[in-house]
Amino acid sequence: MLFAQDIKLDYGRNILNGINFNLNEGQFIGIVGKSGVGKSSFLKILAGLLDPSSGKVYFEGQNVKGPSVNLVPGHPEIQLVNQDFQLDLYHTVEENIKEQILYLPTQVRNLLIEELLDVLELGDYRDQKALNLSGGEKQRLAIARALAKEPKVLLLDEPFSHLDNRLRSKIIRFLISLKEIRNLSIVIVSHDGSEVLSLSDYIFCMKKGRFARGGTSYEMYYKNKNLEDAKLFGSINSVNISGKRIYFRPDEYKLNSNEDFSNEALVKVKFEQAVFNGMITENYFSTDRKEKIVLHSFSPMSHVNAIQICRKK
């Protein structure tokens with residue numbers, strides 16, 4: 001569906017270094033990496049808003065041309081929500097959405113506007129100018145504008161950075177439903193891998209303008225081979241046992257369990273504190289080597305003095 005071939009980008013230095021990428025219909029792909037690795041530039045190239053130094057992008061077999069060719073940059077079937085929001089600041093929230101779908105019959109257009117205002121919780125601000133919205137409200141409006149055009153491909157650049165957990169969860173569920181109902185294809189980039197774990201069919205780690213590694217959400221969370229990649233997806237523990245560095249997530253342990261794990265090591269620990277965060281309790285320990293580790297549980301683990309590391313298969 002959307003295919004990128006050997007994409008390179010130079011701005012006096014290498015931004016993108018030969019990326020090959022394929023997005024299928026109805027697929028959700030996450031791209032995770034630290035700031036400055038080229039994630040946003042890659043999305044702009046996919047959307048036809050930025051010319052690569054070399055390489056091609058194809059949508060349904062046709063070349064996606066950039067601003068050096070198209071007077072009005074962008075592809076009508078590909079919508080990008082970036083961190084600039086690209087709103088009409090002196091138009092109201094409702095006008096910002098409406099102007100994207102003026103071609104629709106009035107009744108259909110009004111129904112779609114109401115649905116988007118409701119899902120993105122913008123109904124109370126419909127008559128406010130975009131200029132006066134908060135960062136989170138502008139972000140939601142940018143998403144609404146993109147979805148109003150009912151694209152085949154939706155590109156999201158750090159789309160949840162201004163949203164609280166409740167709204168983030170609601171929008172994620174809505175995007176998943178659109179993927180299933182409309183066969184919408186989605187690419188989301190983030191510096192926080194935990195944001196894309198629940199969404200993505202496949203995830204790439206980007207480093208220095210390349211895809212360094214790829215895998216399913218499960219693989220990217222549990223099967224990391226280095227600390228740097230692991231940290232992108234949440235808390236990770238690192239301990240040295242018999243000269244071997246072992247990484248494990250806060251839930252990859254047991255005290256007394258019959259779960260099917262590949263047992264790796266017994267670690268003596270000293271309890272320091274427990275922090276309740278609502279869903280779980282985060283228990284902080286130190287090892288004999290003064291290494292700090294965190295373990296998740298449903299109640300404080302102040303009585304624990306040893307754990308068995310149990311890496312998931």
Side-chain angles (χ1 to χ4, degrees), residues 1-25 27-91 95-104 130-131 135 138-159 161 184-191 204 206 208-211:
M1 185 184 192
L2 184 63
F3 174 67
Q5 183 178 32
D6 196 26
I7 299 298
K8 296 181 181 178
L9 182 65
D10 269 318
Y11 282 146
R13 64 181 181 91
N14 292 333
I15 307 297
L16 300 174
N17 296 304
I19 292 181
N20 294 297
F21 176 80
N22 187 54
L23 176 70
N24 296 320
E25 188 176 7
Q27 189 177 27
F28 207 135
I29 289 182
I31 301 174
V32 179
K34 295 180 179 179
S35 298
V37 299
K39 304 185 304 296
S40 297
S41 296
F42 182 59
L43 284 194
K44 289 178 181 178
I45 289 172
L46 289 180
L49 300 173
L50 178 65
D51 290 303
S53 301
S54 63
K56 300 283 187 181
V57 176
Y58 298 92
F59 175 75
E60 295 184 336
Q62 300 296 315
N63 185 211
V64 177
K65 298 180 174 62
S68 64
V69 176
N70 284 338
L71 183 61
V72 180
H75 192 287
E77 298 288 0
I78 304 171
Q79 287 295 305
L80 169 63
V81 178
N82 62 25
Q83 298 177 63
D84 298 329
F85 303 140
Q86 300 296 313
L87 306 175
D88 288 327
L89 294 177
Y90 294 96
H91 288 186
E95 289 168 344
N96 263 276
I97 301 173
K98 182 178 180 179
E99 64 194 23
Q100 303 298 303
I101 48 175
L102 291 173
Y103 58 89
L104 291 176
L131 178 69
K138 287 178 180 177
Q139 192 163 47
R140 281 144 52 200
L141 179 54
I143 294 172
R145 279 166 56 96
L147 291 175
K149 302 195 80 167
E150 298 188 323
K152 292 184 178 180
V153 176
L154 181 65
L155 308 176
L156 300 170
D157 188 355
E158 305 279 2
S161 58
L184 176 66
S185 301
I186 304 173
V187 181
I188 177 172
V189 306
S190 178
H191 66 276
F204 291 103
M206 183 179 274
K208 298 179 180 179
R210 293 181 182 273
F211 289 151

Using 0.5 Å steps for rounding, measure from the [atom1] atom of [X] to the [atom2] atom of [Y].
| X | Y | atom1 | atom2 | result |
| --- | --- | --- | --- | --- |
| Leu156 | Ser190 | CG | OG | 10.5 Å |
| Ile186 | Ile188 | CD1 | CD1 | 8.5 Å |
| Glu150 | Leu104 | CD | CG | 7.0 Å |
| Ile101 | Leu147 | CD1 | CG | 11.0 Å |

Closest heavy-atom pair and its distance - Pro52, Leu9:
CA-CD1, 4.3 Å

Minimum heavy-atom separation for Gly38 and Leu16, please, with both atom names.
O-CD2, 3.5 Å

Contact check, side chains of [X] and [Y], non-hydrogen atoms, under 4.5 Å:
| X | Y | value |
| --- | --- | --- |
| Asp51 | Pro67 | yes |
| Lys39 | Glu158 | yes |
| Asp6 | Ile19 | no |
| Val57 | Leu2 | yes |
| Leu46 | Leu23 | no |
| Leu155 | Ile78 | yes |
| Leu141 | Phe85 | no |

Quick one: do Glu77 and Glu60 satisfy side-chain contact (heavy atoms from CB on, under 4.5 Å)? Show the steps, please.
CA-CA 10 Å; Glu77 298 288 0; Glu60 295 184 336; 5.8 Å; no

So, [X] side chain and [Y] main chain: donor-acceptor pair closer than 3.5 Å or not?
| X | Y | answer |
| --- | --- | --- |
| Lys56 | Asn63 | no |
| Arg145 | Asn96 | yes |
| Asp157 | Ser40 | no |
| Gln139 | Pro159 | yes |

Just wondering, more than 12 heavy atoms not from Lys138 lying within 6.0 Å of its NZ?
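Correct, the count exceeds 12.
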
Is it the case that over 12 heavy atoms from other parts of the model lie below 6.0 angstrom from the OH atom of Tyr103?
yes

Please determine whether side-chain contact (heavy atoms from CB on, under 4.5 Å) holds for the pair Leu80 and Lys44, giving the CA-CA distance in whole Å, both sets of side-chain angles, and the decisive distance to 0.1 Å.
CA-CA 7 Å; Leu80 169 63; Lys44 289 178 181 178; 4.0 Å; yes

Starting from the C-alpha separation in whole Å, work towards a yes-or-no answer on side-chain contact (heavy atoms from CB on, under 4.5 Å) for Met1 and Asn24.
CA-CA 5 Å; Met1 185 184 192; Asn24 296 320; 5.6 Å; no

Before you tell me yes or no, could you show the steps for Val153 and His75 under side-chain contact (heavy atoms from CB on, under 4.5 Å), namely the whole-Å CA-CA distance, both residues' side-chain angles and the distance that decides it to 0.1 Å?
CA-CA 10 Å; Val153 176; His75 192 287; over 6 Å; no

What orientation do Phe42 and Phe211 show, parallel under 30°, tilted 30 to 60°, or perpendicular over 60°?
perpendicular

Tell me, please, which residues at least two apart from Lys34 pass salt bridge (charged side-chain N to carboxylate O under 4.0 Å, His left out).
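Counting only residues at least two positions away or on another chain, Lys34 forms a salt bridge (charged side-chain N to carboxylate O under 4.0 Å, His left out) with Glu228.
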
